[in-house]
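First comes the structure, then the notes that go with it.
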Amino acid sequence: MKIRTQFFLLMMLMFSLVGCGGGGGGGGSIDDSGGSVIDDILANPNTIIRTASLVDSGAASDLGMTSGKPNVVKLQSVVPNSKYGIVFSTLTTLKGKYRVLGNGGGGKTLASIMSVSENDSVLTDNFFPSQSSADQEMFLKRQSLLNNPDARLNTSRRLSTLASLEKVGDEVEFWAYSKSVSGGGDQYTKRKGILRRIGEYCKIFVDPDSYNDLSAVSGQYKITDEDLNDLQSKFDSTIYPLLTSDYAQPLDVDNDGKLTIFFSPMYSRLGFAGLFDTLHLEGGAQSNNRDMFVIFTPYSQFNGIEWRKVALETISHEFQHLVNFSYRHSKGFQSEEVWLDEALSVGVEARYRILTGDRAGEDRFNDYIKTVKNTALTGFSWDLRYYGAAGLFAHYLYERGGGASIRKLVQTDSVGLNNVNQVFSAYGGFYRMFQDWSVALFCESHKKLISNIEKVTSINKYHVDMGFNLASTTTRISPNEKFEASISENAMAFLILEIPSNWPSSEVVIAYESPDTASLSCSVMKLQ
């Protein structure tokens, strides 16, 4: 109660400093006792005082935050009409909501940091509605195989499929996971596949039969020879070398030295982009007895070159799951935590796009940026915003540490936060990386507001313009407006502080506190 009382007294003091029209030079107003308000604050042992002088656009300062006490920041060298970005980050994995309260004056407006509510923020993929539920089931399979010694694969034997003798034109029967969110249907469905291409590292099969009037071999949405040539070429020249050099080697249970890629219109109709299913490594009645992926075929939403791009990105994503599983299984290690496994898979899609000159703007990233306050990075749930968060974080890790750091994240017996702490210990570990990434993400989503983007330090931005096109819903406040946020664990909130044209001082005071006991951080960036 004492701290809360002190905080509201502090708010009144802040009103005396920056809520008035008079004063100048940063000296503050004078109270009745003859001492300045700043002097009173400095004399308060329960107040944390920090100073930041951000002169150039793009300059940023990590101001820190002490929970349970008022924190005061004096922004110096302030000019009228300037703008500042404020980033709050929660540095805890303990599930909950953590409040930030503050203002720089005595304004009457309470401006909550915008985002949709927790219940409203669960978004779905309109194009692949069954993907996330299937991803969850596939992850649980991998987890069970890795974490249960009695369930591990017998990799000392090779599955007898005679795959090494297959030739173009051969017909093979495949079982494919087929449980859609619409309900009904079998867990697995048998489909035919015609071998259309044999590359250096892949075999490409196409389903010759239509599914719900969609065909991959005839009509408007057929897979063409040009498609097949491009798929084979990019897999052999880009995807396979990337995954095997900077991630790990795949299991080769059919001993043919190649990955099987099976394209079926059933996946387009059921709402799957693609899947890696460990069942096909295990043997048994519905196992295909080979290392493989099943991928969707062209349809109304994705066709032509656009379909090829999405299909190849999906293959890259599923390939990461395969090699991550393969390495951990070969060493007898436990399963990676879901948030980091998915982060690595979405992250490799971005790396593939860089290598091929593609751009990365898509719904997953914007679904996340609109809900940053409610989306806990390490609390992965199966909707698009979590994929977006994980992928953006993984790509930041890659840009900070390079391919060698990603390889270390995969080839280890450590998992989750401990894994990131171990690999990025020289950078300050997970929470330092998370805090730096929060500022980089703010910068990426507000690039158009930063008048001198080249001045932003390397740790506070993405290095390669990936065309994320993040559309932030950041709240804008003036110096005398109150603000508050309720932020999830391992999440963040963004504010923009706009200095009015008639601002009378070269200094602005921002006061904020968290009544909760969690560790939080605060960073400020000069935008204009």
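Note that the coordinates shown come from a computational prediction; the quantities given were computed from them, not determined experimentally. Numbering starts at 1 and runs along the sequence shown.
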message = Apply side chain to side chain donor-acceptor pair (under 3.5 Å) to residues Tyr427 and Asp436 and explain how you reach the verdict.
response = CA-CA 10 Å; Tyr427 300 83; Asp436 292 343; over 6 Å; no

Side chain to side chain donor-acceptor pair (under 3.5 Å), that's the test. Do Asp62 and Gln435 meet it? Break it down for me. CA-CA 9 Å; Asp62 172 19; Gln435 188 173 345; 2.6 Å; yes

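Every residue meeting the salt bridge (charged side-chain N to carboxylate O under 4.0 Å, His left out) condition with Arg407, not counting sequence neighbours, appears here in chain and number order: Asp246.
Separation of the Tyr247 and Phe319 ring centroids does not fall under the 6.0 Å cut-off.
Both cation-pi conditions hold for Arg351 and Tyr398: the charged atom is under 6.0 angstrom from the six-membered ring centre and inside a 45 degree cone around its axis.
In terms of modelled atom types and a separation under 3.5 Å, the side chain of Gln320 and the main chain of Asp341 share a donor-acceptor contact. Judged purely by atom type and a 3.5 angstrom limit, Asn421 has no side-chain atom pairing as donor or acceptor with the backbone of Gly429. Counting only distance, with no hydrogens or angles, the side chain of Asn303 and the backbone of Tyr299 share a donor-acceptor pair below 3.5 Å. Distance alone, capped at 3.5 Å, is enough to place a donor-acceptor pair between the Ser133 side chain and the Ser130 backbone.
If you run side chain to side chain contact (heavy atoms under 4.5 Å, CB included) between Lys203 and each of Asp256, Ile261, Leu259, only Asp256 comes through. The one candidate from Asp225, Thr224, Asp230 that meets the side chain to side chain contact (heavy atoms under 4.5 Å, CB included) condition with Leu228 is Asp225.
Annotation: side chain of His329 is not in contact with side chain of Leu281 (no heavy-atom distance under 4.5 Å).
Of the charged side-chain nitrogens involved, at least one lies within less than 4.0 Å of a carboxylate oxygen, so that Arg290 and Glu166 count as a salt-bridged pair.
Atom CG of Asn148 sits in a crowded spot, with more than 12 heavy atoms from other residues, nucleotides or ligands closer than 6.0 Å.
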